[in-house]
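Below is one structure, written out as structure tokens; comments come after it.
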Amino acid sequence: MKLYNFKSVACIAFMGLALSSCDKYLERPTEDGYDTSNYYSNDAQCRAGVNYLYNSPWYDFMRGFFKVGEVMSGNYYMGSSPYLTFTLDGSDQDLANMSASLWAVNTHSSTVYDNIKNATSGASEAVKNATMGECLVWKAMAYFYLVRSFGAVPIIHSPINEIRSQNSTGLRKAKISNIYDYIVILLNKAIELLPEKDPTNNGRIDKYAAKGLLAKVYLTKSGFSESNTTYNPGTYSYITCTAHQRNAEDLAKAAELAYDVIQNSGRKLMENYSDIFRGENNVCDEALISWAWTMGSHWTCQNSFHCDLSIEGFDENGDCWGGWGGPSVDLQDAFNENALSPNRQNVDDRRKATCMMPGDVYDYFYADCGGFEFLKFCYGGYAADGHPGPGQWESPTGAGEVKHLYGNNADHARFYGANAGRMASALYTHLLRLADVYLIFCEAAMGNSSSTTDARVLEAFYQVRHRSVKGYQYPTSITWEDVWKERRLELACEGDRWYDYVRRYYYDPQGAINEIKGQRRNGYNALNELYKGYYESGAWDLAGSGAAYDENTAAPNVTDRSFTIPLPSADISYNPLLMEAPEDYDLSGISF
């Protein structure tokens with residue numbers, strides 16, 4: 001069965017509680033409504049029992065995922081958001097939801113793993129192994145987000161044992177190096193269990209997806225060194241790093257794993273970049289690991305990104321409130337675009353697939369209306385088709401989001417057989433893509449060198465860049481800076497960029513700080529006057545409109561403390577031991 005077609009009973013059977021309300025590290029799925037010994041009686045039930053891990057426990061992470069990944073990194077503008085201004089503190093609700101969601105993923109993944117492992121059923125050993133492997137990848141993914149977001153956190157390998165021992169208020173933080181080693185253990189076990197290829201062809205995690213994630217983990221951990229880190233006890237979880245060389249063994253392992261995926265997974269980059277994010281390609285070669293959102297009666301199984309990121313009136317459900325933000329001026333600069341010009345460069349196809357700007361027309365949005373023209377929608381709308389538009393330009397950056405939008409209800413129904421609901425679509429969110437693995441290989445194989453002429457690296461880089469950049473010629477060498485920028489352009493607005501800064505901070509703290517401080521993170525003034533006049537008269541009157549970049553708002557105060565997000569206040573209140581320095585965690589007793 002397709003992941004997005006599984007029935008809500010699978011969610012209900014295993015969830016048992018509201019994921020958004022947890023303010024503790026342990027959240028136990030209900031066990032009194034079903035009997036695990038007879039539920040997993042065949043292969044289909046094992047797969048169905050894992051399906052919800054691809055969506056529901058992650059739902060409350062969604063906003064934090066985007067605000068941390070894109071707003072903090074300077075890829076996305078959200079007004080006076082504390083994620084934009086680096087004034088975030090532990091009382092932030094999105095932060096609390098983000099933390100609770102990640103701990104819920106940990107607990108639910110562990111519980112489903114144990115249930116499948118211990119069930120005496122007619123399920124095949126191959127499917128039991130595969131589904132247990134999926135559980136471990138999701139558990140590893142949760143920890144990968146936890147350590148890169150909050151730094152030192154507790155390692156809870158067996159949540160049920162902790163619950164039974166009533167030890168949740170006695171949990172201590174493990175050292176960051178321990179957490180990365182733990183993630184490696186989880187993924188190596190998953191790789192042992194998973195099949196080389198998903199036999200259902202429905203987007204389930206396979207061995208090469210786990211290897212791709214492990215390559216990313218090794219690339220990240222290569223830069224972290226306890227000996228080059230100072231823990232500040234007065235701030236609970238902040239770390240201060242000093243510049244040093246990355247670990248060569250970790251880099252080599254990252255390169256080895258990534259190249260294995262590139263050469264042996266059988267997956268290929270999609271020919272057309274924008275197709276990756278369209279509904280017909282929820283399941284595709286490019287997507288290694290995705291949140292598989294569904295349209296069903298169970299709240300939290302669905303995708304709600306569309307609402308937070310789309311312009312007012314974009315769909316028919318009255319749930320679009322994201323027009324007052326948008327891809328940042330700094331990101332547009334990286335694409336060599338200028339919102340104060342009427343002419344789009346369109347040299348890099350990824351720009352239009354990421355940043356919707358004046359002059360852009362999309363054939364995959366509003367297909368029943370003949371396509372979507374951004375300026376026309378803002379000022380004229382598509383009233384005859386039930387889309388009046390907002391009547392004004394909203395985004396202060398001159399750009400709107402593209403990747404996480406599905407279009408109107410007709411667009412949604414074209415791919416999923418049903419209209420979208422309020423705050424609910426079935427568009428998948430890709431967390432790890434094949435192009436990411438290509439770029440991981442480029443950076444890891446380059447090692448601590450500043451450039452390379454390695455033919456394998458040049459080929460991988462060329463495959464990613466020439467897909468989207470018109471006229472790009474095969475390179476004779478590439479630099480670390482080339483790969484660093486290419487990651488930004490390729491993965492922009494996919495929740496990843498901040499974590500690139502975190503891993504860079506581990507070994508090049510001043511470089512990470514300086515780059516963020518140098519960004520153009522503000523918006524423009526008077527864009528509505530400029531664009532409205534242009535739409536109505538065809539005249540581009542930049543001087544008369546007064547449109548200009550906001551030079552008056554100061555750059556955020558980025559410091560060493562900025563690269564570790566504060567733990568939620570409720571978590572610290574619940575367990576004051578989280579205020580103490582992290583301790584070594586003995587991983588020798590980890591068993592499966």
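Position 1 is the first residue of the sequence, and the numbers go up from there. The model shown is predicted, which means the values in this text are computed figures rather than measured ones.
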What residues form a side-chain hydrogen bond (donor to acceptor under 3.5 Å, both in side chains) with [X], not counting sequence neighbours?
| X | answer |
| --- | --- |
| N281 | none |
| Y506 | Y180 |
| T87 | T85 |
| N178 | none |

List for me each residue that meets side chain to side chain contact (heavy atoms under 4.5 Å, CB included) alongside [X], sequence neighbours excluded, and say none if there are none.
| X | value |
| --- | --- |
| C307 | D319, W321, M423 |
| S310 | H306, F314, C320, L405 |
| T397 | Y77, V329, Q332, S395, A399 |
| N557 | T559 |

State whether E443 and R503 are salt-bridged, where the test is any N-O pair (Lys NZ or Arg NE/NH1/NH2 against Asp/Glu carboxylate O) under 4.0 Å. yes
Pair R488 + D330, salt bridge at N-O below 4.0 Å: yes
Checking [X] now: which residues fulfil salt bridge (Lys or Arg N to Asp or Glu O under 4.0 Å) with it, not counting sequence neighbours?
| X | result |
| --- | --- |
| E486 | R350, R465 |
| K352 | none |
| D198 | none |
| R521 | none |

